[in-house]
Engineer: 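Pasting in a structure now, in structure tokens, and then I'll have a few things to ask.
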Amino acid sequence: MNRPFLFAAVTSLLAAGCGAGLDMNARAGSPQDASVKAATEGRREVAERAEGSTDAGRPSAQGAAVARAPGDYVAYRFSGSFRKTPLLLTQRVVAREGDVLVVDMTLADDQETESLRVRMSDAPGRRGEILGAAWLDGGAERPATLAAYEAMMEKTTLAADENEAVLGSEAVSVDVGGAPIACQETSFRVRIGRTKATMRTLQSDDFAWGDVGGEITTEDGRVLYRAELVDRGHADAAPRGADATAAGADPHPVPRPATVARSDYED
């Protein structure tokens, strides 16, 4: 399956090395495995607290899980020593066709910008699977392969070579676009080449786009890789095709900073 790219450095490790690591911890009866389970339960409480403290004019954490619709967008920033300049990735839903979303993805740094229009499954059990892709040039589509999509997304990733252990997990609240997202932050001890590092992931069942953030830092604090959700929201869906340019549609929302609040489970 061609699933969304985001944090492939994280998700590939979770699927492979990290999965093996969790299995080993479970067989050994590691207390770290218990902490992951406890954080999963605790995350539900964070969601309820976030919902209860939400103003009438602000979307609730639970509301973030509503199915995506045309006009919904997110923006992610990728930075760290894994590349010379940061990348900004914007995803905007331009159409919904049953259980299939049509999403415009724009990846930009200070030198170049490239855009793809992808068809993405939103069906249960296949959510996020990429079904097809096309390049966008001035609003016009031209054929692209899934390999082109994967190559574009590889620019946003840094793959860890080995997961050595789960260090712990806790429930946190992340504020993006004026609304909280209840997340589970999990830390892993990993290795990249000969470099030992700590990988932290932010994931949420309450966020329709899936990934929230992640980073990999060395023992001396150097950031090798950081993925941040910097904006989310809704704007009028841009016209599809060549009419987009004529209509003056702006596919690049200006990102607002995200903040990670103090964990509700800290003393």
Side-chain angles (χ1 to χ4, degrees), residues 1-12 14-15 59 63-78 87-108 113-157 176-177 181 183 201-214 227-244 249-253 255:
M1 276 194 310
N2 293 282
R3 302 191 64 81
F5 58 89
L6 264 185
F7 320 133
V10 172
T11 55
S12 63
L14 289 173
V66 174
R68 288 165 288 181
D72 291 349
Y73 69 86
V74 289
Y76 296 92
R77 181 184 293 116
F78 300 87
L87 282 169
L88 180 66
L89 175 71
T90 302
Q91 301 180 78
R92 183 191 294 270
V93 180
V94 296
R96 186 179 186 97
E97 302 167 354
D99 286 335
V100 176
L101 297 174
V102 181
V103 181
D104 285 358
M105 295 184 170
T106 299
L107 187 65
T113 299
E114 53 186 335
S115 298
L116 280 170
R117 175 165 289 163
V118 303
R119 293 174 56 82
M120 177 188 301
S121 175
D122 201 36
R126 300 184 64 191
R127 183 164 289 119
E129 181 179 349
I130 303 303
L131 307 175
W135 292 110
L136 283 177
D137 293 321
E141 297 182 28
R142 58 183 178 86
T145 63
L146 291 179
Y149 161 83
E150 291 167 354
M152 176 175 162
M153 294 303 106
E154 281 180 3
K155 298 178 182 180
T156 69
T157 67
V176 181
I181 304 174
C183 298
T201 67
L202 278 172
Q203 297 179 316
S204 175
D205 293 334
D206 300 324
F207 187 50
W209 294 90
D211 300 294
V212 177
E228 307 169 85
L229 172 64
V230 294
D231 197 14
R232 61 167 175 160
H234 179 89
D236 290 340
R240 296 179 62 184
D243 291 339
D250 180 8
H252 311 299

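What you are looking at is a predicted structure, and each value in this text was computed from that prediction instead of being measured. Computed from heavy atoms alone, side chains included, the values below leave out hydrogens, waters and symmetry copies.
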Engineer: Keeping the roles fixed (side chain from Y76, backbone from T156), state whether a donor-acceptor pair exists under 3.5 Å.
Structural biologist: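 Absent.
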
Engineer: Rounded at 0.5 Å granularity, tell me how far CG in D231 sits from OH in Y73.
Structural biologist: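 D231 atom CG to Y73 atom OH measures 4.0 Å (nearest 0.5 Å).
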
Engineer: Measuring from atom CZ of R92 to atom NE2 of H234, what distance do you get when rounded to the nearest 0.5 angstrom?
Structural biologist: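 R92 atom CZ to H234 atom NE2 measures 9.0 Å (nearest 0.5 Å).
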
Engineer: Hey, could you give me the CZ/CG distance between R126 and L131, rounded to the nearest 0.5 Å?
Structural biologist: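 Reported to 0.5 Å precision, the distance equals 5.5 Å.
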
Engineer: According to side-chain contact (heavy atoms from CB on, under 4.5 Å), who are the partners of V118, at least two apart in sequence or on a separate chain?
Structural biologist: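 Once residues adjacent in sequence are excluded, the partners of V118 under the side-chain contact (heavy atoms from CB on, under 4.5 Å) criterion are V103, M105, L116, M120, I130, A133, Y149.
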
Engineer: Quick check: does any side chain N or O of R117 sit under 3.5 Å from a backbone N or O of D104, one acting as donor and the other as acceptor?
Structural biologist: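 It does not hold such a pair.
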
Engineer: Which pair of heavy atoms, one from E141 and one from A134, lies closest together, and at what distance?
Structural biologist: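 Scanning both residues completely, I find the closest heavy atoms to be OE1-CB, 3.8 Å.
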
Engineer: Give me the atom names and distance for the closest heavy-atom approach of I181 to R232.
Structural biologist: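 Looking at all heavy atoms of both residues, the closest pair is CG1-NH2, 3.5 Å.
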
Engineer: Looking at CG of L101 and CZ of R68, how far apart are the two atoms once the value is rounded to the nearest 0.5 Å?
Structural biologist: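 Output value for this atom pair is 5.0 Å.
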
Engineer: Which pair of non-hydrogen atoms, one from A67 and one from D72, has the smallest distance, and what is that distance?
Structural biologist: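 Reported closest heavy-atom pair: O-OD2, 4.3 Å.
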
Engineer: Between T113 and A108, what is the shortest heavy-atom contact and its length?
Structural biologist: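 Residues T113 and A108, closest heavy atoms: OG1-CB, 3.5 Å.
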
Engineer: Please name the pair of heavy atoms, one in C183 and one in L202, separated by the smallest distance, quoted to 0.1 Å.
Structural biologist: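 Residues C183 and L202, closest heavy atoms: CB-CD2, 3.9 Å.
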
Engineer: Any side-chain heavy atom of L229 sitting closer than 4.5 Å to one from W209?
Structural biologist: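 The answer is no; the side chains never approach within 4.5 Å.
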
Engineer: Hey, does the side chain of R96 reach the backbone of G98 with a donor-acceptor pair shorter than 3.5 angstrom?
Structural biologist: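 Looks like yes, one N/O pair under 3.5 Å.
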
Engineer: Quick one: closest heavy-atom pair of P143 and W135, and the distance?
Structural biologist: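 P143 and W135 have their closest heavy atoms at O-CD1, 3.4 Å.
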
Engineer: Rounded at 0.5 Å granularity, tell me how far CD in E228 sits from CG in L89.
Structural biologist: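 Rounded to the nearest 0.5 Å, the CD-CG separation comes out at 13.0 Å.
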
Engineer: What distance separates Q91 CD from T106 OG1, expressed to the nearest 0.5 Å?
Structural biologist: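 Going from the CD atom of Q91 to the OG1 atom of T106 covers 10.0 Å.
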
